[in-house]
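Presented below is the structure to which this report refers.
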Amino acid sequence: SSLRMQLAGWLEPAFHGIQNLKVGLRTLVFGVLQGPFLLEENQVLRHTLESTLAHEETHRQLFQENERLRVLLDFKEKVPWRVIPASVLAKEQTLWSRTFLIDRGTADNIRAGMAVITPTGLVGRVQEVGPSASRVIGLADPHFRCSAVTSLHRCSGLFAGTSSGELLLTYLSKEAT
C-alpha cells in the first residue's frame, strides 16, 4: 500500500501533463477547424459595430439639431418683433472684415440697417441687400459700431469690433468704472 502511494505520487504529475496535453490538442484542433468561421464572424461583427456607431452619430446629430430648432422656435415665440429666420450661406473672416451672407433679401422684406439676432443676442447688422441674399456685418468686424448699455450701472457707451476679433465698449462715463 505504501509502494502504491509512492508510485501514485510519482505518476500524478505525468497524468496531469497528459490531461493538459489532451485539452491543449483538443483546443488547437478546434481552433484550426473553427478559424475561418471565426474570422468571418469577426468581420460581420466589425461591420455591424461600424454601422451601429454610424447610426449612433446620426442620432446624436439629429438630437442636437432638434434641440437647436426648439430653442429657435421658443425664441421666435418670445420675441416681440416680427422675426425673419435666415441661414448663413457663407462667411468672410479676414483681418479687415468679418461679414457673412444670409439667404434672405428684399424679396423677404429685409432692409439695410436691420439687426441680426439669435437667441443669445445681437450678431450683427444687415449691410447690403440683394433680391434673395444679404451681407451682414458681424459684431467683431472692425467697422461695426452700435450703442450699448451696461447691465450693472446702466451706463451708455459705444460697442465696436476690432481687427483682432475682440469687442470693445468705449466712451463710457466715469460712473461705469
Side-chain angles (χ1 to χ4, degrees), residues 38-177:
L38 294 175
L39 288 174
E40 183 180 335
E41 182 182 27
N42 189 310
Q43 288 175 345
V44 168
L45 290 173
R46 284 178 190 263
H47 178 72
T48 303
L49 176 62
E50 288 173 8
S51 177
T52 302
L53 291 174
H55 285 300
E56 184 179 342
E57 177 62 21
T58 300
H59 180 265
R60 187 186 64 76
Q61 289 174 359
L62 288 172
F63 182 79
Q64 287 176 339
E65 180 182 20
N66 191 329
E67 287 298 309
R68 275 193 314 274
L69 291 173
R70 285 180 192 273
V71 167
L72 290 173
L73 184 60
D74 187 46
F75 172 68
K76 187 175 180 182
E77 291 174 359
K78 288 182 179 178
V79 172
W81 314 287
R82 187 175 76 95
V83 178
I84 303 169
S87 295
V88 175
L89 298 174
K91 294 180 182 179
E92 178 188 18
Q93 298 198 0
T94 66
L95 286 175
W96 305 278
S97 174
R98 284 181 174 62
T99 62
F100 53 95
L101 196 64
I102 60 172
D103 65 349
R104 297 288 184 251
T106 54
D108 304 291
N109 296 319
I110 300 293
R111 295 181 315 277
M114 289 179 121
V116 179
I117 59 173
T118 69
T120 57
L122 181 66
V123 175
R125 179 177 49 243
V126 176
Q127 187 176 37
E128 299 172 32
V129 185
S132 61
S134 301
R135 181 166 305 284
V136 175
I137 182 170
L139 285 179
D141 189 288
H143 302 101
F144 183 87
R145 304 283 184 274
C146 74
S147 62
V149 178
T150 64
S151 59
L152 185 59
H153 296 292
R154 308 295 300 160
C155 296
S156 296
L158 183 68
F159 189 68
T162 66
S163 61
S164 66
E166 294 177 337
L167 306 172
L168 293 176
L169 185 57
T170 59
Y171 299 109
L172 289 172
S173 64
K174 289 184 181 181
E175 295 90 44
T177 55

Working to the nearest 0.5 Å, report the span between CG of Leu101 and CD of Glu92. 10.0 Å

Identify the two heavy atoms, one from Leu169 and one from Gly157, that lie closest to each other, and give their separation to 0.1 Å. CD1-C, 4.1 Å

Show me the side-chain donor-acceptor pairs of residues 73-91 shorter than 3.5 Å, one per line, residues at least two apart or across chains.
from	atom 1	to	atom 2	distance (Å)
Asp74	OD2	Lys78	NZ	3.2

Tell me the side-chain hydrogen bond (donor to acceptor under 3.5 Å, both in side chains) pairs involving residues 108-127, sequence neighbours left out? Thr118-Thr120

Any residue meeting side-chain contact (heavy atoms from CB on, under 4.5 Å) with Glu166, in chain and number order, not counting sequence neighbours: Thr162, Ser164

Note: Val149 and Ser156 closest approach over all heavy atoms is CG2-OG, 4.1 Å

List for me each residue that meets side-chain contact (heavy atoms from CB on, under 4.5 Å) alongside Glu57, sequence neighbours excluded, and say none if there are none. Arg60, Gln61

Show me the donor-acceptor pairs, under 3.5 Å and distance only, between side chains in residues 47-55 and residues at least two apart or in other chains.
from	atom 1	to	atom 2	distance (Å)
Thr48	OG1	Val44	O	2.9
Thr52	OG1	Thr48	O	2.8

With rounding to the nearest 0.5 angstrom, report the CZ to CD distance, Arg46 to Gln43. 8.5 Å

Closest heavy-atom pair and its distance - Ala148, Phe159: CB-CB, 4.0 Å

Exercise: identify the closest heavy-atom pair between Cys155 and Leu172: O-CD2, 4.3 Å

Distance-only criterion, 3.5 Å: show the donor-acceptor pairs between side-chain atoms of residues 128-137 and protein atoms not counting sequence neighbours.
from	atom 1	to	atom 2	distance (Å)
Ser134	OG	Arg104	O	2.7
Arg135	NH1	Thr99	OG1	3.3

